[in-house]
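Here the structure is laid out as structure tokens; the discussion comes afterwards.
We're numbering straight along the sequence, starting at 1.
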Amino acid sequence: MTQLTDIWPVLGLTLTTPRLQLRPVADAHIPAMVDAVLSGIHDPDASPFSFPWTDAPREELPRNTAAHVWHQRAKTTAGSWSLLFGVWQGDDFTGCQELMATTFAETRTVSTGSWLKQSAQGQGLGTEMRTAVVLYAFDFLGAEVAESEAFDFNSASLGVSRSLGYEPNGVWRHSSGRGHVRTMQRMRLTPEQFRRPSWSLKTAGHLAAARFLGLEDA
């Protein structure tokens with residue numbers, strides 16, 4: 001019988017760190033993801049997101065969250081893709097870590113975005129999950145550059161970037177469309193700059209996922 005991972009092989013990909021397991025969000029994970037979102041991600045007056053999706057009314061967040069998962073999955077092609085990993089600590093869905101690329105075969109560049117529910121913040125998990133996808137991008141997918149960006153007030157995200165060896169790569173002014181203009185800091189990392197962890201990344205399902213993403217030689 002055909003399995004879902006035969007149709008969409010990235011759903012069989014798993015990245016494992018000392019404390020976490022990262023798996024692309026499947027439909028069965030969406031309720032746990034919604035519960036994490038509803039538990040709270042940030043203070044109401046300090047959204048870290050360039051698109052303030054968490055500002056929606058609480059009753060709309062479950063539908064919006066599910067739609068985002070499906071949208072990110074649907075726009076994935078062999079050349080340009082978004083891997084939206086659910087981050088699990090044991091049986092607890094703690095947040096999401098996204099790994100994205102556009103025309104990857106030419107640029108060999110990835111970008112990342114992430115969030116953790118508030119109860120999981122301040123424990124170093126943000127660093128661990130970012131490290132996982134950067135290791136995967138450099139060592140398994142053959143990326144040559146990893147990029148990230150965060151508002152200048154987002155000390156947690158920028159601190160993760162600096163701890164891993166990212167260097168500042170310019171700023172730009174971002175408007176939320178609601179009268180708020182803020183400064184966004186871009187960060188850039190190469191394999192040579194990367195401050196590698198003392199632990200090794202464990203993977204499962206990589207070859208099938210890489211072929212699906214158009215990386216036959218990864």
Sidechain-backbone polar pair: S80 side chain, T103 backbone, donor-acceptor under 3.5 Å: yes
Side chain to side chain contact (heavy atoms under 4.5 Å, CB included) assessment of D27 paired with R73: CA-CA 11 Å; D27 285 3; R73 189 186 301 161; 3.1 Å; yes
Side chain to side chain contact (heavy atoms under 4.5 Å, CB included) assessment of L135 paired with R196: CA-CA 8 Å; L135 281 168; R196 291 177 171 270; 3.3 Å; yes
Nearest atoms (heavy-atom pairs only) where L22 meets A132: CD2-CB, 4.2 Å
Verdict with supporting geometry, L213 and F104, side chain to side chain contact (heavy atoms under 4.5 Å, CB included): CA-CA 9 Å; L213 298 176; F104 182 77; over 6 Å; no
Closest non-hydrogen atom pair, K117 against D92: NZ-OD1, 2.8 Å
Residue pair E192 / T190, side-chain donor-acceptor N/O under 3.5 Å: yes
E149 and Q185 side chains, donor-acceptor separation under 3.5 Å: no
Check: H29 side chain, A26 main-chain N or O, donor-acceptor pair, under 3.5 Å: yes
Carboxylate-amine/guanidinium contact E128 R19, below 4.0 Å: yes
Ring geometry between Y136 and F85 (parallel below 30°, tilted from 30 to 60°, perpendicular above 60°): perpendicular
S161 (side chain) donor-acceptor with M187 (main chain) under 3.5 angstrom: no
Exercise: identify the closest heavy-atom pair between A101 and T109: CB-O, 3.6 Å
4.5 Å side-chain heavy-atom contact, W115 and Q97: no
Minimum heavy-atom distance A143-F138, with the two atoms named: O-CD2, 3.3 Å
Within 6.0 angstrom of W70 CH2, more than 12 heavy atoms from elsewhere: no
Side-chain heavy-atom pair L99, L84 within 4.5 angstrom cut-off: no
For S114 against M129, the heavy-atom pair lying closest together: CB-CE, 3.6 Å
Trace of the side chain to side chain contact (heavy atoms under 4.5 Å, CB included) decision for T203 with T14: CA-CA 6 Å; T203 68; T14 302; over 6 Å; no
S163 side chain vs V160 backbone, donor-acceptor pair below 3.5 Å: yes
Main-chain N/O of R63 paired with T65 side-chain donor or acceptor, under 3.5 Å: no
Sidechain-backbone polar pair: T76 side chain, S82 backbone, donor-acceptor under 3.5 Å: yes
Close side-chain approach of Q193 and E167, heavy atoms under 4.5 Å: yes
Least distance between heavy atoms, R108 atom then G142 atom: CD-O, 3.3 Å
Donor-acceptor pair between Q72 and E98 side chains, under 3.5 angstrom: yes
R195 to Y166 six-membered ring, cation-pi geometry met (6.0 Å, 45°): no
Heavy-atom check, side chain of V25 versus side chain of M33, under 4.5 Å: yes
Heavy-atom donor-acceptor pair, E106 side chain to T102 backbone, under 3.5 Å: no
Single-linkage hydrophobic cluster L189~V145, side-chain heavy atoms < 4.5 angstrom: no
